[in-house]
Student: 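A single structure is presented below for examination.
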Amino acid sequence: MVDYFQILCGVVVLLLALYYYFTSPYNHWKKLGIAGPRPSLLFGNLRSQALAQTSMSDTIKKMYDKYKNEPVFGIYGGRSPILVVNDLDLVKDVLIADFSLFAARGLPLYRKVDRLQEHLFHLEPEIWRPLRARLSPVFTSGKLKEMFPMMLQCGEHLEKYLDTVTEKGGPVDCREIAAKFTTDVIGTCAFGIDMNAIVDEDSEFRQMGREMFAPSLKHVIRDTTKLFFPAIYVRLGHLVQPTKVTDFFTKVVMDTMSYREKNNVVRPDFINMLLELKRNPSQLENIELTDSLLTSQAFVFFLAGFETSSSTIAHALYELALHPDMQDKLRKEIRETLDENAREGKSLTYEQVKELKYLDAVFQETLRKYPILPLIVREVNTNYTFKGTKITIPKGTKIWIPVYGIHRDPDIYTEPEVFDPERFTNNGISTRHPMSFLAFGDGPRNCIGARFAIYQSKVGLISILRNNKVEVCEKTTIPYKSDARAFLLTLKGGVMLKMSKAE
């Protein structure tokens with residue numbers, strides 16, 4: 001005869017054990033005397049983000065607004081304690097002054113699950129440091145000047161494409177248009193490949209980019225499982241990987257490198273630098289230069305290069321459509337420079353882009369209001385006491401720096417919801433803390449491709465706005481609403497605007 005009481009007792013014990021397992025870490029911050037919001041079972045303080053109810057940006061801002069008067073506060077990502085650092089002086093210590101103690105991002109590598117995860121963003125200091133030192137020369141001013149004519153050529157192709165767009169009329173997705181442009185720029189400047197994304201609707205490279213970043217249930221499941229249930233992700237993560245994308249880029253990179261080796265092709269680009277590493281592995285002591293390690297670097301450069309810049313271009317166009325006076329002012333600045341060049345029979349130069357002051361202010365204010373990454377992640381490699389405080393954290397503590405919260409803080413930026421490029425005039429910049437603008441991170445582990453992204457985005461905006469204007473229409477999402485399914489800050493429904501010829 002079945003003893004139902006024993007079965008019931010067994011079930012109760014199991015449930016209590018599971019409850020203890022999931023909640024036992026939740027006293028961590030209380031024991032250290034650090035304030036923070038109360039966590040919920042399974043997801044800690046990231047439940048709404050995990051269930052795709054709110055975006056990571058909105059989640060970060062909500063918590064930051066509540067605890068911004070604390071120098072730090074503690075949250076939980078599932079069972080994992082995370083320290084959010086608000087105080088800008090402490091942020092500077094983490095990113096710059098004590099960087100050697102916070103060099104790691106603390107992001108787990110799942111090599112067997114994700115073959116192209118071994119890139120600069122994920123890698124730990126032992127491999128990241130020498131690899132970054134070898135790849136950094138690709139992004140010097142000298143190299144960018146060599147690439148600049150290729151960027152301009154992509155800009156010319158974009159202008160011609162926009163002639164057909166404006167003839168058709170009707171709302172257009174400016175984020176998609178920008179992504180076509182940045183895909184082509186990355187293709188020609190980094191890989192020496194004509195990706196043909198601007199004019200070819202069936203461009204494989206553009207299709208791969210859409211598949212990687214288009215919000216979907218599959219992406220939500222993948223990211224949620226990776227963050228909250230890593231043990232499950234290790235075993236089943238391969239089921240939610242973009243295998244088609246991984247296989248495509250692995251073949252492209254390997255085939256391109258093989259072709260160049262056989263035909264002695266040399267170009268001032270990213271693939272050439274990877275080839276140099278492959279030929280001279282002794283440059284990276286004690287690091288095995290596998291095909292997956294090399295391909296991962298090219299893969300992340302392509303994905304980050306086209307996605308971040310296209311989002312920034314689209315967000316800038318969104319704000320300029322809402323503020324036609326600013327758009328007219330920027331177009332006037334662009335035309336004055338280009339018209340003067342035309343009279344002298346010259347093309348736009350690398351140096352002239354730097355001199356377009358209002359364009360730079362628009363670009364920086366766009367990144368202030370719409371930073372690509374809502375947070376910066378680090379991990380401390382020793383027990384650490386924050387300077388000027390009694391706050392001590394143990395070795396291995398994960399650190400988040402709430403970029404989106406800082407950028408939208410009214411105590412740092414007056415009326416932060418207002419788009420105001422004048423914040424980034426010389427007087428405006430000098431009055432703020434240097435850590436108040438973190439669009440590209442800061443310190444030794446800042447964005448390696450920041451300079452490339454800046455010029456790519458500016459050439460894109462110049463090419464679009466020189467002869468065209470953007471306006472809001474019935475499909476424009478107003479007010480701004482971020483897509484809860486996307487980790488990167490993304491306007492729900494796309495950046496739908498009306499585009500027509502400017503007078």
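In what follows, residues are counted from 1 in the order of the sequence shown.
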Student: Decide, yes or no, whether a salt bridge links D255 with K251 under the criterion of side-chain N to carboxylate O below 4.0 Å.
Tutor: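 Here D255 pairs with K251 in a salt bridge, since their nearest N and O are under 4.0 Å apart.
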Student: Are F419 and V362 side-chain neighbours, meaning at least one heavy-atom pair lies under 4.5 Å?
Tutor: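 Yes, close enough: below the 4.5 Å cut-off.
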Student: So, the side chain of Q352 versus the backbone of T349: is there a donor-acceptor pair under 3.5 Å, distance only?
Tutor: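 Side chain of Q352 to backbone of T349, a donor-acceptor pair under 3.5 Å: yes, one is there.
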Student: So does K387 pair up with D89, basic N to acidic O under 4.0 Å?
Tutor: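 Salt bridge: no.
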Student: Just by modelled atom types, is the T308 backbone N or O under 3.5 Å from a matching donor or acceptor in the T312 side chain?
Tutor: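 Here the side-chain-to-backbone pair exists.
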Student: Run R111 and Q117 through side-chain contact (heavy atoms from CB on, under 4.5 Å) and show every step you take.
Tutor: CA-CA 7 Å; R111 288 180 172 86; Q117 198 185 26; 5.9 Å; no
Student: Which distance, rounded to the nearest 0.5 Å, do you find between the OG of S482 and the NZ of K492?
Tutor: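 It is 9.5 Å, given to the nearest 0.5 Å.
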Student: Give a yes or no on whether the backbone of K498 and the side-chain of E471 come within a donor-acceptor separation of less than 3.5 Å.
Tutor: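 It does not hold such a pair.
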Student: Does the side-chain contact (heavy atoms from CB on, under 4.5 Å) test come out yes or no for K278 and M257, once each step is laid out?
Tutor: CA-CA 10 Å; K278 187 177 181 181; M257 292 174 70; 3.8 Å; yes
Student: Begin from the C-alpha positions of F270 and F191 and carry the test ring pair (Phe, Tyr, Trp, His ring centres under 6.0 Å) through to its verdict.
Tutor: CA-CA 6 Å; F270 200 76; F191 297 90; 7.2 Å; no
Student: Atom CG in D411, atom CD1 in I406: separation rounded to 0.5 Å?
Tutor: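 Spacing of CG (D411) from CD1 (I406) equals 12.5 Å.
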Student: Using a strict cut-off of less than 4.0 Å between a Lys/Arg side-chain nitrogen and an Asp/Glu carboxylate oxygen, indicate whether K92 and D442 qualify as a salt bridge.
Tutor: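 No, this pair does not count.
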Student: Taking side chain as C-beta onward, heavy atoms only, is V91 less than 4.5 Å from L438?
Tutor: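 Side-chain contact under 4.5 Å: yes.
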Student: Walk me through it: do E118 and S292 pass the test side-chain hydrogen bond (donor to acceptor under 3.5 Å, both in side chains)?
Tutor: CA-CA 7 Å; E118 299 177 83; S292 63; 3.1 Å; yes
Student: Assess, by modelled atom type and distance only, whether the side chains of N272 and E276 contain a donor and an acceptor separated by less than 3.5 Å.
Tutor: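 Distance-only check fails for N272 and E276.
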Student: From the options L101, L95, V94, select the one residue that forms a side chain to side chain contact (heavy atoms under 4.5 Å, CB included) with D98.
Tutor: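 Of the listed residues L101, L95, V94, the side chain to side chain contact (heavy atoms under 4.5 Å, CB included) partner of D98 is L101.
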Student: Please check this pair: side chain of R206 against backbone of A179, looking for a donor-acceptor N/O pair closer than 3.5 Å.
Tutor: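 Side chain of R206 to backbone of A179: no pair is present.
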Student: Hey, what's the ring geometry for F249 with F299, parallel, tilted or perpendicular (30° and 60° as the breaks)?
Tutor: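 If you compare the ring of F249 with that of F299, the planes turn out perpendicular.
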Student: Are S55 and D58 close enough, and set up right, to give a side-chain hydrogen bond (donor to acceptor under 3.5 Å, both in side chains), and what steps lead you there?
Tutor: CA-CA 5 Å; S55 68; D58 291 339; 3.3 Å; yes
Student: Keeping E365 on the side-chain end and D420 on the backbone end, is there a donor-acceptor pair under 3.5 Å?
Tutor: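 Yes; at least one donor-acceptor contact below 3.5 Å.
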Student: Are any of the side-chain nitrogens in R267 or D269 under 4.0 Å away from the carboxylate oxygens of its partner?
Tutor: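 A salt bridge is present here (some side-chain N lies under 4.0 Å from a carboxylate O).
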Student: What do you reckon, are the aromatic ring centroids of F205 and F248 less than 6.0 Å apart?
Tutor: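 Ring centroids of F205 and F248 are less than 6.0 Å from each other.
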Student: With rounding to the nearest 0.5 Å, note down the distance linking CZ in R368 to CZ in R408.
Tutor: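 Going from CZ on R368 over to CZ on R408, the span is 6.5 Å.
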Student: Quick check for you: to the nearest 0.5 Å, what is the distance between E355 atom CD and E333 atom CD?
Tutor: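 E355 atom CD to E333 atom CD measures 10.0 Å (nearest 0.5 Å).
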Student: Side-chain polar contacts of residues 143-160 - donor-acceptor pairs under 3.5 angstrom, sequence neighbours left out - could you list them?
Tutor:
unit_1: K145; atom_1: NZ; unit_2: E351; atom_2: OE2; d: 3.2
unit_1: E159; atom_1: OE1; unit_2: N467; atom_2: ND2; d: 3.3

Student: So, for H407 and S436, which heavy atoms are closest and what is the spacing to 0.1 Å?
Tutor: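 Heavy atoms of H407 and S436 come nearest at CD2-O, 3.4 Å.
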Student: Are F181 and Y161 an aromatic pair by the rule of ring centers under 6.0 Å?
Tutor: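 No.
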Student: Within a radius of less than 6.0 Å around NZ of K68, do more than 12 heavy atoms belonging to other residues, nucleotides or ligands occur?
Tutor: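 Yes, NZ of K68 has more than 12 neighbouring heavy atoms, counting only those of other groups under 6.0 Å.
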Student: Does NZ or CZ of R445 lie under 6.0 Å from the centre of the six-membered ring of F99, at an angle within 45° of the ring axis?
Tutor: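 No - R445 does not lie over the ring of F99 by the 6.0 Å and 45° rule.
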Student: Treating N263 as the side-chain partner and Y259 as the backbone partner, does any N or O pair qualify as donor plus acceptor under 3.5 Å?
Tutor: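 At least one qualifying donor-acceptor pair exists.
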Student: If you round to the nearest 0.5 Å, how far is OG1 of T256 from CD1 of I271?
Tutor: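 Interatomic distance, I271 CD1 to T256 OG1, rounded to 0.5 Å: 5.5 Å.
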Student: Check whether any side-chain heavy atom of L135 sits under 4.5 Å from a side-chain heavy atom of L274, and report yes or no.
Tutor: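 Answer yes - side chains close enough.
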Student: For atom NZ of K501, is the number of surrounding heavy atoms from other residues, nucleotides or ligands below 6.0 Å larger than 12?
Tutor: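 Atom NZ in K501 is crowded, with more than 12 foreign heavy atoms closer than 6.0 Å.
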Student: Okay, side chain of N468, backbone of I464: is any donor-acceptor separation there less than 3.5 Å?
Tutor: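 Checked: pair present.
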Student: Give a yes or no on whether the backbone of Y110 and the side-chain of D114 come within a donor-acceptor separation of less than 3.5 Å.
Tutor: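 Checked: no pair found.
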Student: Just say parallel, tilted or perpendicular for the rings of H119 and H122, cut-offs at 30° and 60°.
Tutor: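 Geometry flag for H122 against H119: tilted rings.
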Student: Show your reasoning for whether ring pair (Phe, Tyr, Trp, His ring centres under 6.0 Å) applies to Y404 and Y64.
Tutor: CA-CA 9 Å; Y404 192 70; Y64 174 86; 9.9 Å; no
Student: Any chance CD of E417 has more than 12 other-residue heavy atoms, nucleotides or ligands included, within less than 6.0 Å?
Tutor: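 Yes.
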Student: Could you state the interatomic distance from CD (Q456) to OG (S310), rounded to the nearest 0.5 Å?
Tutor: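 Going from CD on Q456 over to OG on S310, the span is 8.5 Å.
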Student: Step by step, work out the side-chain contact (heavy atoms from CB on, under 4.5 Å) result for I454 and F363.
Tutor: CA-CA 8 Å; I454 290 168; F363 175 76; 3.6 Å; yes
Student: Whether the side chain of D184 engages the backbone of I198 through a donor-acceptor N/O pair (distance < 3.5 Å, no angle test) should be reported.
Tutor: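 It does hold such a pair.
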Student: Starting from the C-alpha separation in whole Å, work towards a yes-or-no answer on side-chain contact (heavy atoms from CB on, under 4.5 Å) for L83 and W400.
Tutor: CA-CA 6 Å; L83 187 73; W400 281 9; over 6 Å; no
Student: Whether the side chain of R335 engages the backbone of R466 through a donor-acceptor N/O pair (distance < 3.5 Å, no angle test) should be reported.
Tutor: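 Yes, because the side chain of R335 sits within donor-acceptor range (under 3.5 Å) of the backbone of R466.
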Student: Let me check something: any side-chain donor-acceptor pairs from residues 322-329 under 3.5 Å, sequence neighbours excluded? List them with distances.
Tutor:
unit_1: H323; atom_1: ND1; unit_2: E319; atom_2: O; d: 2.9
unit_1: Q327; atom_1: OE1; unit_2: R331; atom_2: NH2; d: 2.6
unit_1: Q327; atom_1: OE1; unit_2: V470; atom_2: N; d: 2.9
unit_1: Q327; atom_1: NE2; unit_2: L320; atom_2: O; d: 3.1
unit_1: Q327; atom_1: NE2; unit_2: V470; atom_2: O; d: 3.0
unit_1: D328; atom_1: OD1; unit_2: R331; atom_2: NH1; d: 3.2
unit_1: K329; atom_1: NZ; unit_2: E422; atom_2: OE2; d: 3.4

Student: Counting C-beta onward and ignoring hydrogens, is there a side-chain heavy-atom pair between L131 and I287 closer than 4.5 Å?
Tutor: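 Sidechains of I287 and L131: no contact.
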Student: Carefully, step by step, assess D483 and R485 under the rule salt bridge (charged side-chain N to carboxylate O under 4.0 Å, His left out).
Tutor: CA-CA 5 Å; D483 194 322; R485 298 171 299 167; 3.4 Å; yes
Student: Do the charged groups of E340 and R343 touch, with an N to O distance under 4.0 Å?
Tutor: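 Between R343 and E340 there is no salt bridge, as every charged N stays at least 4.0 Å from the carboxylate O atoms.
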Student: Over all heavy atoms of both residues, which pair between M496 and G493 is shortest? Give the atoms and the distance, please.
Tutor: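 The answer is CG-O, 3.7 Å.
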Student: Could you work out, with ring pair (Phe, Tyr, Trp, His ring centres under 6.0 Å) as the rule, every residue matching F139, not counting sequence neighbours?
Tutor: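 Residues passing ring pair (Phe, Tyr, Trp, His ring centres under 6.0 Å) with F139: F301.
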